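Values in this document were obtained by computation on a predicted structure and should not be read as measured data. Sequential numbering from 1 along the given sequence is applied to the chain's residues.
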Amino acid sequence: MISTIALFWALCVVCLVNMARYFSSLRALLVVLRGCDPLLYQYVDGAGFFTSHGQPGKQVRLVYYIWAQRYLDHHDDEFIRRCRRVRGQFILTSSLCGLVVISLICLAIWH
């Protein structure tokens with residue numbers, strides 16, 4: 001029989017790997033954004049996005065920009081493709097994080 005605790009930790013590892021993939025794709029998106037649309041890059045604080053002095057309000061703008069699919073009107077196909085990938089990974093990672101939280105609650109009740 002499979003241990004529930006081992007299954008929980010495996011789910012946590014899968015979630016962490018997907019989070020790493022999401023942040024890597026987001027970093028690649030910012031590199032493409034710097035080249036194709038410098039004004040939007042400044043608007044979302046592209047240079048300070050992954051720094052400790054980054055502005056969270058501007059970072060949320062990029063997340064909302066991608067979530068609302070405003071990128072579909074953009075002129076650069078590479079940027080649109082990367083935005084779609086980041087959006088898909090964001091949905092997957094959010095779902096996995098929710099599943100981890102639910103599993104943790106169930107594991108706490110179970111044991």
Side-chain angles (χ1 to χ4, degrees):
M1 183 162 168
I2 298 175
S3 170
T4 56
I5 294 174
L7 192 60
F8 171 74
W9 283 111
L11 183 63
C12 288
V13 168
V14 169
C15 186
L16 287 174
V17 168
N18 277 301
M19 286 172 111
R21 288 181 60 222
Y22 169 68
F23 287 124
S24 175
S25 294
L26 191 57
R27 186 176 296 271
L29 174 70
L30 287 171
V31 169
V32 170
L33 183 60
R34 181 176 51 211
C36 72
D37 197 347
L39 187 61
L40 181 59
Y41 181 76
Q42 291 298 321
Y43 182 69
V44 298
D45 192 28
F49 200 85
F50 287 106
T51 61
S52 60
H53 62 276
Q55 299 176 7
K58 289 186 174 184
Q59 294 168 352
V60 169
R61 287 179 189 167
L62 180 63
V63 171
Y64 183 72
Y65 181 85
I66 293 171
W67 182 254
Q69 295 183 343
R70 291 190 195 161
Y71 55 84
L72 293 176
D73 297 331
H74 206 272
H75 61 86
D76 190 4
D77 293 333
E78 176 72 15
F79 178 69
I80 292 172
R81 185 180 62 81
R82 291 204 185 254
C83 283
R84 284 185 180 150
R85 180 177 178 172
V86 167
R87 185 174 190 273
Q89 287 179 343
F90 176 74
I91 292 170
L92 176 66
T93 303
S94 299
S95 301
L96 282 172
C97 288
L99 189 60
V100 166
V101 169
I102 291 170
S103 298
L104 182 62
I105 292 170
C106 291
L107 195 61
I109 292 171
W110 183 277
H111 288 286

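Val86 is not connected to Val31 by any chain of hydrophobic side-chain contacts under 4.5 Å among Ile, Leu, Val, Met, Phe, Trp and Tyr, and they are in different clusters. In this structure, Ile80 is a member of the same hydrophobic cluster as Leu26, with clusters built from ILVMFWY side-chain heavy atoms closer than 4.5 Å. Phe50 and Val60 fall into different hydrophobic clusters, defined by Ile, Leu, Val, Met, Phe, Trp and Tyr side-chain heavy atoms under 4.5 Å apart, directly or through other members. Under the 4.5 Å side-chain heavy-atom criterion for grouping Ile, Leu, Val, Met, Phe, Trp and Tyr, Val17 is not connected to Phe23 through any hydrophobic cluster. Put simply, Leu104 and Leu7 are part of two different groups of oily side chains (I, L, V, M, F, W, Y) that touch within less than 4.5 Å, one to the next.
The CG atom of Leu92 sits 4.5 Å away from the CG atom of Asn18 when rounded to the nearest 0.5 Å. The structure places CE of Met19 at 12.5 Å from CD of Gln89, a figure rounded to the nearest 0.5 Å. Atom CG in Leu62 sits 6.0 Å away from atom CG in Leu29 (nearest 0.5 Å). Considering OH of Tyr71 and CG of Asp76, their distance stands at 14.0 Å, rounded to 0.5 Å. A distance of 7.5 Å separates CH2 in Trp110 from OG1 in Thr4, rounded to the nearest 0.5 Å.
Side-chain contact between Ile91 and Trp67 is present, with at least one heavy-atom pair separated by less than 4.5 Å. Cys15 is not listed as a side-chain neighbour of Leu11, based on a closest heavy-atom distance of 4.5 Å or more. Counting heavy atoms from C-beta on, the side chains of Glu78 and Arg81 come closer than 4.5 Å. Side-chain contact between Leu72 and Arg84 is present, with at least one heavy-atom pair separated by less than 4.5 Å. Between Cys83 and His74, every side-chain heavy-atom pair lies at or beyond the 4.5 Å cut-off. Looking at heavy atoms from C-beta onward, Arg27 lies out of side-chain contact with Phe49 at the 4.5 angstrom threshold.
Tyr41 places a side-chain N or O within 3.5 Å of a backbone atom of Ala47 that can act as its donor or acceptor partner. Not a single donor-acceptor pair under 3.5 Å links the side chain of Asp45 to the backbone N or O of Lys58. A donor-acceptor pair under 3.5 Å is formed between the side chain of Ser25 and the backbone N or O of Arg21. Between the side chain of Asp37 and the backbone N or O of Leu33 there is no donor-acceptor pair closer than 3.5 Å.
At most 12 heavy atoms of other shown residues, nucleotides or ligands fall within 6.0 angstrom of atom OH in Tyr43. Enclosure of atom CZ in Arg87 by more than 12 non-hydrogen atoms of other residues, nucleotides or ligands within 6.0 angstrom is indicated. Residue Leu39 qualifies as open at atom CG: its count of foreign heavy atoms under 6.0 Å is 12 or below.
Nearest heavy-atom pair, Pro38 versus Cys36, reported as atom, atom and distance to 0.1 Å: CD-C, 3.9 Å. Nearest heavy-atom pair across Cys12 and Val100 is SG-CG1, 3.9 Å.
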